[in-house]
2 protein chains.
Amino acid sequence: MSHENILELFERLTLLEKANERAIAQAHSLQAVQLVALHYLARCNRFSDTPAAVTEYLSATKGTVSQSLIQLEKKGMVTKVQDPEDKRVSHLKLTSLGRSLVKQTNQLALLDQALGGLDCEEKAALESLLRKTLIELQNTHKHAMFGPCSQCKHLQKSKGGHLCGLTKEPLYESDLVQICREYTHP
Amino acid sequence: MSHENILELFERLTLLEKANERAIAQAHSLQAVQLVALHYLARCNRFSDTPAAVTEYLSATKGTVSQSLIQLEKKGMVTKVQDPEDKRVSHLKLTSLGRSLVKQTNQLALLDQALGGLDCEEKAALESLLRKTLIELQNTHKHAMFGPCSQCKHLQKSKGGHLCGLTKEPLYESDLVQICREYTHP
DNA sequence: GGTTTTTGGTATCGACTCGATACTTGTAAC
DNA sequence: GTTACAAGTATCGAGTCGATACCAAAAACC
């Protein structure tokens, strides 16, 4: 009748996953937060690769995130590129070292391995249930959701391609699958 | 085809929930970890209310957990009671202050609110999928699982009641719904 | 029965996170 | 042009975390 069981399961999964994340990060001389940020940067689009976006994604404060990003830069995982239009913002690009680290650690998530035990139908069901929960959560609170442009409310078709209704910028194929900080459910 | 979407959704939910946890904890002058520990202690059985069990649950090191528990004790949320049989172990009992805090913060989980948007069938489906995932995870790695005695492999019936096959101790009604560190899936 | 090993728990140290505040610089609003 | 605001950095104190060392009680061993 209540949600207690789900909450417990979720918390348990979360704790195990978190511990695993820490272990993996440590194996590469990184902090857990830094690894999460790195994975985020590897799959966000070019509107969402700024320190501010990472801050929003991690739900942390900009001071903290700034420091973590400086660490990542020191370790040669990312480089900062100043935005040509707005000189205040910088874009974070993964170096080849950063990209290879992401690749190495991609399949190490405990969850990823555990999900191998589900068949396709179950995975689809789980995905849609989780998505529904997340959307519900976004409705009650006003948090950024960070989804792919391809499923976003702001996606528009233009001659021969796509367009973001918010920024009016063209979206190419590669943009569509990446996640964006402005994602809104239709 | 792959699990990427599920992993993303899961990570997003986790990050939001974590941020929320921090905020709630801070509102009560606690650390997030301390609040999680407190909630754990509120629903574990009498075999699982020791510092070692909390350590296992949080997947942290005993040194760290020891400090967190000392903080909780200082703040009057829990009290330590030495085990009469094994003088090394201490049991952590919630004070009335601790219990009331747990009650206050119980319904504040973002997830809890978001799950309100699912109907009963969906919730049941989500629960069983998450459980299957967790069991799968336990099979590949050997982590403690922390489930309720009522669903445990070690549960045995005895004359007029139940019994834990591992410790041979009697289990009363109230024990059955609480979570135990020795939980094993049948 | 006495020695060794293991286990539960604490104490302490350094590296790091995190939040808060203050600050700089660039952009937008009026 | 002045003011407000936004992006990002710097810094400080409180606290987490992992590692190590340590103590005491229990268990295993001979």
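Worth knowing before you read on, the calculation uses all heavy atoms, side chains too, and leaves out hydrogens, waters and symmetry mates. Every chain is numbered from 1, with letters handed out A, B, ... down the list of sequences.
Separating the CZ atom in A/R131 from the CZ atom in B/R12 is a distance of 13.0 Å, to the nearest 0.5 Å. A distance of 8.0 Å separates CD in B/Q26 from CD in B/Q31, rounded to the nearest 0.5 Å. Within the model, atoms CD1 of A/I6 and CG of B/D112 stand 9.5 Å from one another, a figure rounded to the nearest 0.5 Å.
With the nearest nucleotide of DNA chain D identified for both B/S68 and A/H91, A/H91 has the one nearer the 5' end. Position along DNA chain C of the nearest nucleotide to B/T50 versus A/V33 favours B/T50 as the more 5'-ward residue. Mapping A/G63 and B/I70 onto DNA chain C by nearest heavy atom places B/I70 at the nucleotide closer to the 5' end.
Within residues 74-88 of chain A, the residues having any heavy atom under 4.0 Å from DNA chain D are, by residue number, A/K80, A/R88.
Residues B/L35 and B/E21 share a closest heavy-atom pair of CD2-O, 4.2 Å. Of all non-hydrogen atoms in B/A32 and B/R22, the two that sit nearest each other are CB-CG, 3.9 Å. Contact between A/S48 and A/Y40 at its shortest, heavy atoms only, is O-OH, 2.8 Å. Here the shortest heavy-atom pairing between A/L9 and B/E127 reads CD1-O, 3.5 Å.
Where DNA chain C meets chain B (any atom under 4.0 Å from a heavy atom), the bounding nucleotides read 5' to 3' are C/dT7 to C/dA20.
When the C1' atom of D/dC17 is taken as reference, atom CZ of A/R22 falls 7 Å away, rounded to whole Å. One interatomic measurement links the two molecules: NZ of B/K62 to P of D/dA24, which rounds to 15 Å at whole-angstrom precision. Protein atom CD of B/Q26 is 11 Å distant from nucleotide atom P of D/dG15, rounded to whole Å. Whole-Å rounding puts the A/L30 CG to D/dC17 P distance at 18 Å. For B/L69 and D/dG15, the CG to P distance is 16 Å, given to the nearest whole Å.
Not a single donor-acceptor pair, N or O on each side, falls under 3.5 Å between the base of D/dG8 and the side chain of A/S66.
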Q. Which is it for A/K18 and B/E17 under the salt bridge (charged side-chain N to carboxylate O under 4.0 Å, His left out) test, yes or no, and what are the steps along the way?
A. CA-CA 13 Å; A/K18 203 179 73 177; B/E17 184 67 23; over 6 Å; no
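Within 4.0 Å of A/Q71, counting heavy atoms only, lies no atom of the nucleic acid at all.
Within the 3.5 Å criterion, the main-chain N or O of B/S29 finds a donor-acceptor partner in the side chain of B/K75.
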